[in-house]
Amino acid sequence: MASLTCPFIIKPSISHSSSTSFPPKSSIHHLKNPNFSPNFNNNSPKLHKPTSFLQKPTKKMSSFFTTKASPTEIVTTLIQSNPATWQTAILSNAVIFVVGFPVLVAGLSVTGIASAFLLGTLTWRAFGSSGFLLVATYFVLGTAATKVKMAQKEAQGVAEKRKGRRGPGSVIGSSAAGCVCAYLSIYGIGGNALSQLWQLGFVASFCTKLSDTVSSEIGKAYGKTTYLVTTFKIVPRGTEGAVSVEGTFAGFLASVLLACVGCLTGQINTTQAAVCVLASQIANFGESIIGASFQEKDGFRWLNNDVVNVINISIGSILAILLQQALYSWQRVV
């Protein structure tokens with residue numbers, strides 16, 4: 001009958017002519033000694049010490065678990081990686097965009113979605129999931145405000161085109177300053193000393209744009225009286241450079257809300273959140289002056305809504321950085 005052998009059992013070769021007994025007395029002594037730890041040389045058989053589940057896995061173990069992990073586990077691990085890489089940024093965006101496609105279609109055109117994907121990838125690479133959450137919050141709140149009383153806005157001729165579905169020009173106009181801050185952060189322009197300022201400028205740019213969008217859309221929907229910001233003359237809703245109490249208040253609340261999101265996700269602190277809100281309101285007032293004075297006027301046909309948006313968010317971002325620096329300098333003096 002064939003004998004069953006176990007590959008983990010080492011059979012000694014016993015020679016009857018040898019005077020050596022098996023097992024040797026030294027081995028018996030070692031077996032009786034509880035503190036004995038075998039030390040094998042290179043010619044000795046290798047014994048693998050069992051690995052505790054609490055022990056930190058080795059590189060080989062990590063490689064094994066990675067190759068054996070399910071696709072869901074691999075995706076989750078990559079998304080949660082810190083710091084983010086271009087690969088994790090692209091993968092994270094792809095997953096989120098597939099899951100949230102119905103929401104994206106409601107607020108963006110097809111080309112707008114493509115532009116938003118590039119924005120989301122850049123944001124995730126620079127600021128991780130917290131930065132992406134800030135932009136996602138901006139998009140959801142801005143889209144919701146645009147949809148408010150859409151039928152009434154369309155009847156009055158002041159609604160956004162394509163029922164509020166924004167194209168690539170709007171995406172770029174809303175995110176240009178934030179993209180610049182993200183780029184500066186990714187490549188470490190200015191070193192660690194300026195990294196926090198780039199993040200502050202990023203948050204401030206979206207606070208500015210959300211405040212502008214909400215104030216405009218709520219003003220067109222609920223504004224009882226709209227005034228031209230340069231002359232305070234009463235003008236119809238939707239006039240460039242016009243403001244209303246209802247819209248201005250709603251825009252202020254929107255900027256506060258988004259600044260709180262940035263604060264809760266750890267991108268900025270409470271003082272910087274107040275700086276973002278202040279900068280956004282000053283920038284929006286300046287944008288209204290530009291709209292009333294130059295937009296759609298002879299010689300300024302190039303100054304369309306998207307260009308004005310870029311100017312607006314750039315002012316908000318730069319102003320927040322300057323205010324923070326001024327506040328820091330003042331605190332050092334005091």
Side-chain angles (χ1 to χ4, degrees), residues 79-84 88-90 92-93 95-97 99-100 103-104 107-108 112-113 115-146 166 170-186 195-215 251-281 283-284 309-310 312-321 323-324:
I79 289 177
Q80 293 176 346
S81 65
N82 188 27
T88 59
I90 294 172
S92 303
N93 271 273
V95 172
I96 294 172
F97 270 56
V99 175
V103 179
L104 292 170
L108 296 170
I113 292 175
S115 302
F117 184 85
L118 297 177
L119 166 63
T121 301
L122 184 64
T123 298
W124 196 294
R125 174 63 181 84
F127 306 116
S129 57
S130 59
F132 188 92
L133 178 61
L134 184 92
V135 177
T137 303
Y138 154 77
F139 172 74
V140 171
L141 294 178
T143 301
T146 303
R166 302 178 186 269
S170 180
V171 174
I172 295 172
S174 301
S175 63
C179 288
V180 171
C181 290
Y183 177 86
L184 295 173
S185 178
I186 291 171
S195 61
Q196 185 60 39
L197 291 179
W198 304 145
Q199 195 160 22
L200 173 66
F202 175 83
V203 176
S205 70
F206 283 99
C207 286
T208 302
K209 188 64 191 84
L210 181 63
S211 179
D212 175 48
T213 300
V214 172
S215 62
F252 171 77
L253 291 181
S255 66
V256 170
L257 179 58
L258 197 61
C260 288
V261 172
C263 190
L264 292 174
T265 56
Q267 291 189 284
I268 55 176
N269 57 36
T270 52
T271 302
Q272 292 170 336
V275 168
C276 287
V277 173
L278 177 60
S280 69
Q281 299 311 297
N284 282 335
N309 283 336
V310 172
N312 181 29
I313 60 177
S314 298
I315 292 174
S317 180
I318 295 171
L319 188 57
I321 292 174
L323 286 172
Q324 179 61 29

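Once rounded to the nearest 0.5 Å, the distance linking OG1 of T208 with CD1 of I313 reads 8.0 Å. Note that OG1 of T121 is 7.0 Å distant from CZ of F97, once rounded to the nearest 0.5 Å. How far CD1 of I315 is from OG of S280: 12.5 Å, rounded to the nearest 0.5 Å. Atom CG of N93 and atom CG of L118 lie 9.0 Å apart (nearest 0.5 Å). Of the inter-residue distances, the one linking L264 atom CG with T270 atom OG1 reads 11.0 Å to the nearest 0.5 angstrom. The CG atom of L133 sits 11.5 Å away from the OG1 atom of T123 when rounded to the nearest 0.5 Å.
The shortest distance between side-chain heavy atoms of T137 and L257 does not fall below 4.5 Å. Side-chain contact check for S205 versus C181: every heavy-atom pair is 4.5 Å or farther apart. A heavy-atom distance below 4.5 Å is found between the side chains of Q272 and Q196. Considering only heavy atoms from C-beta on, L134 stays 4.5 Å or farther from T265 through its side chain. With a 4.5 Å cut-off on side-chain heavy atoms, S175 and F206 count as touching. A heavy-atom distance below 4.5 Å is found between the side chains of T143 and F139. With a 4.5 Å cut-off on side-chain heavy atoms, L200 and C276 count as touching. W198 is listed as a side-chain neighbour of I321, based on a closest heavy-atom distance under 4.5 Å.
Between the side chains of K209 and T213, at least one donor-acceptor pair of N or O atoms lies under 3.5 Å. Side-chain contact check for S174 and R166: no donor-acceptor pair (N or O, by modelled atom type) lies under 3.5 Å. Remark: the Q199 side chain and the S185 side chain contain no N/O donor-acceptor pair separated by less than 3.5 Å.
When all heavy atoms are compared, the tightest approach of L258 to Y138 is CD1-N, 4.0 Å. Residues A254 and L210 share a closest heavy-atom pair of O-CD2, 3.6 Å. Across all their heavy atoms, S211 and Q281 have their closest contact at OG-NE2, 3.1 Å. Across S92 and T88, no two heavy atoms sit closer than the pair OG-O, 2.6 Å. Closest approach of G112 and V171 over heavy atoms only: O-CG2, 3.8 Å. Of all heavy-atom pairs spanning V214 and G251, the tightest one is CG1-N, 4.0 Å.
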Worksheet item: Would C207 and V277 count as a side chain to side chain contact (heavy atoms under 4.5 Å, CB included) if you check the C-alpha gap in whole Å, the side-chain angles of each, and the deciding distance to 0.1 Å?
Response: CA-CA 7 Å; C207 286; V277 173; 5.8 Å; no
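Enclosure of atom CZ in F117 by more than 12 non-hydrogen atoms of other residues, nucleotides or ligands within 6.0 angstrom is indicated.
Without hydrogens or angle criteria, S317 side chain to S314 main chain gives no donor-acceptor distance under 3.5 Å.
Note on ring orientation: taking the six-membered ring where Trp is involved, the planes of F202 and F127 are tilted (angle from 30° to 60°).
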